[in-house]
Q: 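Pasting a structure here, questions to come.
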Amino acid sequence: MPHIDNNPSTPGKFKMEKSPYIHHHHRLRWHSTPLVKLTFWSFIFLGLILMFFFRSSPSSTSSSLSSSSSSSPSSSSSSDTSRRSLRTFSWGGPSWEKRVRNSARVRASNGFTVLVTGAAGFVGTHVSAALKRRGDGVLGLDNFNDYYDPSLKRARQALLERSGVFIVEGDINDQALLKKLFEVIPFSHVMHLAAQAGVRYAMQNPGSYVHSNIAGFVNLLEVCKSANPQPAIVWASSSSVYGLNTKVPFSEKDRTDQPASLYAATKKAGEEIAHTYNHIYGLSLTGLRFFTVYGPWGRPDMAYFFFTKDILKGKSIPIFEASNHGTVARDFTYIDDIVKGCLGALDTAEKSTGSGGKKTGSAQLRVFNLGNTSPVPVSDLVSILEKLLKVKAKRTVMKLPRNGDVQFTHANISYAKRELGYKPTTDLQGGLKKFVRWYLSYYKPGGKKSAV
Ligand SMILES: O=C(O)[C@H]1O[C@H](OP(=O)(O)OP(=O)(O)OC[C@H]2O[C@@H](n3ccc(=O)[nH]c3=O)[C@H](O)[C@@H]2O)[C@H](O)[C@@H](O)[C@@H]1O
């Protein structure tokens with residue numbers, strides 16, 4: 001976030017700081033020249049305007065930022081980022097508070113009160129809807145950034161609204177907003193899914209990953225540790241933390257100190273940060289390492305999604321392969337299975353132990369793989385899509401770019417099975433069938449929506 005201190009110092013500022021105190025006689029000299037006086041006061045005036053501009057973002061506004069580009073992640077620029085940083089959100093007031101309370105109202109006996117960050121995102125929408133369906137109180141939070149087409153996020157929001165879930169518009173970096181939410185609702189759980197996602201985009205906009213996945217996460221944990229009662233937190237880590245690990249299938253005990261992308265490094269940092277907050281403040285924390293989640297209402301920046309769009313358009317699709325024609329594969333995991341894993345993690349999360357910002361005993365700290373245990377080569381993913389779409393893809397085989405991608409992922413899920421009762425039941429063929437059905441109805445030719 002741009003800060004007033006980050007503005008380059010002006011010559012006037014420099015003179016202001018140095019001259020009056022260190023070289024007193026110089027100060028007298030400049031004040032004798034009208035031109036110097038004019039320049040001096042112009043800088044003061046400019047400085048005041050700048051100060052007013054930055055300070056006038058009220059505390060009820062947040063620094064959005066997290067991300068990036070317009071519809072395509074590749075079109076971002078630093079000016080985009082700073083423009084977004086100044087985006088404001090309005091929140092507060094009696095009718096806003098009423099919507100917050102209604103949304104968070106628990107309907108089932110022993111139901112939870114869950115704050116879902118990233119609720120307009122792919123996983124966030126599905127998890128919020130599932131929690132609401134079973135009678136938990138759910139409040140969403142999302143900054144609706146334009147990393148990918150925000151109209152899809154708005155459509156998900158409308159979907160949730162119909163089931164009674166209100167999404168507060170704001171950023172996880174906005175401490176005043178988070179504090180306010182905890183003042184209004186004593187959340188029993190936080191499902192933290194807000195993040196800057198995407199492996200390859202991290203090379204174009206590294207700051208957005210640090211801002212959302214590290215600074216935003218720390219800000220959220222700061223508010224949670226001071227809340228009374230402290231909530232239990234379940235949050236999204238990533239299969240990418242295994243990085244260059246070659247031992248398969250990936251087990252939670254394997255090394256995760258060789259991330260291949262900044263994205264992976266920020267998720268790994270999140271796991272270490274979780275350890276710290278658990279250790280110092282007694283926060284109950286569960287990290288879920290998602291393995292390439294796909295399905296209806298998915299993310300347009302992911303391969304299965306834009307392959308579908310491009311196959312339908314007759315545009316060629318780049319299929320990555322490793323050196324020596326090595327297969328690139330992913331343990332694609334269907335959204336409904338991931339949702340079950342998220343609910344299982346919430347249901348088995350123990351209470352945090354801290355109070356008044358102080359730890360009173362040890363608390364639960366867990367990390368689970370949520371995968372499908374069945375890696376599929378990317379070329380097979382394309383073949384399945386061709387059959388479902390009844391269109392032949394124009395394939396362009398390319399070398400796996402050296403920008404963060406790993407060659408394969410494969411989850412060992414026995415720990416999640418034992419502790420969370422996690423058992424994926426949808427294979428890639430069945431899951432893509434549901435995705436394609438959704439895609440075709442959402443982006444109906446002649447319909448209102450156009451594929452991003
Ligand atoms: O499992 C995870 O933790 C991660 O899964 C995905 O990352 P990724 O597996 O790279 O998903 P895609 O970008 O959809 O790529 C899927 C596969 O298609 C390949 N691909 C991608 C893009 C492309 O143009 N061509 C291509 O062959 C990739 O190498 C990869 O093997 C998500 O984008 C991340 O946010 C998430 O954290």
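Both ligands and their constituent atoms are indexed starting at 1 by order of listing. Worth saying up front: this structure is predicted, and the values here are computed from it rather than measured.
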Q: Of all the non-hydrogen atoms in the protein, which one sits nearest to atom 22 (C) of ligand 1, and at what distance?
A: F320 CE1, 3.5 Å

Q: Are F217 and H192 an aromatic pair by the rule of ring centers under 6.0 Å?
A: yes

Q: Heavy-atom distances under 4.0 Å decide this one: backbone, side chain, both or neither, for T292 against ligand 1?
A: both

Q: With the threshold set at 4.0 Å, does a side-chain nitrogen-carboxylate oxygen contact exist between R154 and E169?
A: yes

Q: Quick one: look at R330 and ligand 1, take heavy-atom pairs under 4.0 Å, and tell me if it's side chain, backbone, both or neither.
A: side chain

Q: Is the distance between the ring centroids of Y415 and Y422 under 6.0 Å?
A: no

Q: Quick check on contacts: which atoms of ligand 1 are under 4.0 angstrom from a heavy atom of V328?
A: 29 (O), 31 (O)

Q: Please write down residue, atom name and distance for the protein heavy atom closest to atom 33 (O) of ligand 1.
A: R299 NH2, 2.9 Å

Q: Taking NZ, NE, NH1 and NH2 as the nitrogens, is one of them in R289 or E252 under 4.0 Å from a carboxylate oxygen of the other?
A: no

Q: Which atoms of ligand 1 have any heavy atom of A197 under 4.0 Å away?
A: 35 (O)

Q: Would you call F408 a ligand 1 contact, heavy-atom distance under 4.0 Å?
A: no

Q: Tell me, please: is R200 in heavy-atom contact with ligand 1, that is, under 4.0 Å?
A: yes

Q: Have a look at S238, S237, A322, A202 and point out the one with the heavy atom closest to atom 3 (O) of ligand 1.
A: S238

Q: Are the side chain of R156 and the backbone of A120 linked by a donor-acceptor contact shorter than 3.5 Å?
A: yes

Q: Going by an N to O cut-off under 4.0 Å, is there a salt bridge joining R99 and E161?
A: yes

Q: Check if F307 has a non-hydrogen atom at a distance under 4.0 Å from any atom of ligand 1.
A: yes

Q: Hey, mind stepping through S237 and E271 against side-chain hydrogen bond (donor to acceptor under 3.5 Å, both in side chains) and telling me if it holds?
A: CA-CA 7 Å; S237 181; E271 294 187 357; 2.7 Å; yes

Q: Only heavy atoms of I319, strictly under 4.0 Å: list the atoms of ligand 1 that pass.
A: 27 (O)

Q: When you look at F435 and Y294, which way does the ring-ring contact (aromatic ring centres under 6.0 Å, His included) test go after all the steps?
A: CA-CA 8 Å; F435 164 72; Y294 72 98; 7.9 Å; no

Q: Is there any N or O on F290 that sits under 3.5 Å from an N or O of ligand 1?
A: yes

Q: Please confirm whether E321 approaches ligand 1 to less than 4.0 Å, judged on its heavy atoms.
A: no

Q: Hey, which atoms in ligand 1 end up nearer than 4.0 Å to a heavy atom of A303?
A: 12 (P), 14 (O), 15 (O), 16 (C), 18 (O), 21 (C)

Q: Heavy atom under 4.0 Å from ligand 1: found in R289's side chain, backbone, both, or neither?
A: neither

Q: I want to know if ligand 1 touches L400 in the polar sense, i.e. an N/O pair below 3.5 angstrom.
A: no

Q: Any atoms of ligand 1 less than 4.0 Å from a non-hydrogen atom of V199? List them with their elements.
A: 7 (O), 10 (O)

Q: Working to the nearest 0.5 angstrom, can you tell me the gap between L432 CG and F332 CZ?
A: 8.0 Å

Q: Out of all atoms in ligand 1, which are within 4.0 Å of some heavy atom of P318? Include the element for each.
A: 23 (C), 24 (O), 25 (N), 26 (C), 27 (O)

Q: Which is closest to atom 37 (O) of ligand 1 by heavy-atom distance: F291, Y242, Y263?
A: Y263

Q: Any atoms of ligand 1 less than 4.0 Å from a non-hydrogen atom of S240? List them with their elements.
A: 3 (O)

Q: Give the C-alpha distance, both sets of side-chain angles, the deciding distance and a yes or no for side-chain hydrogen bond (donor to acceptor under 3.5 Å, both in side chains) between Q258 and Y242.
A: CA-CA 7 Å; Q258 303 166 291; Y242 290 106; over 6 Å; no

Q: Answer yes or no: is there an ion pair linking D405 with R330, defined by an N-O contact shorter than 4.0 Å?
A: yes

Q: Counting from 1, what ligand 1 atoms have a heavy atom of G198 closer than 4.0 Å?
A: 35 (O)

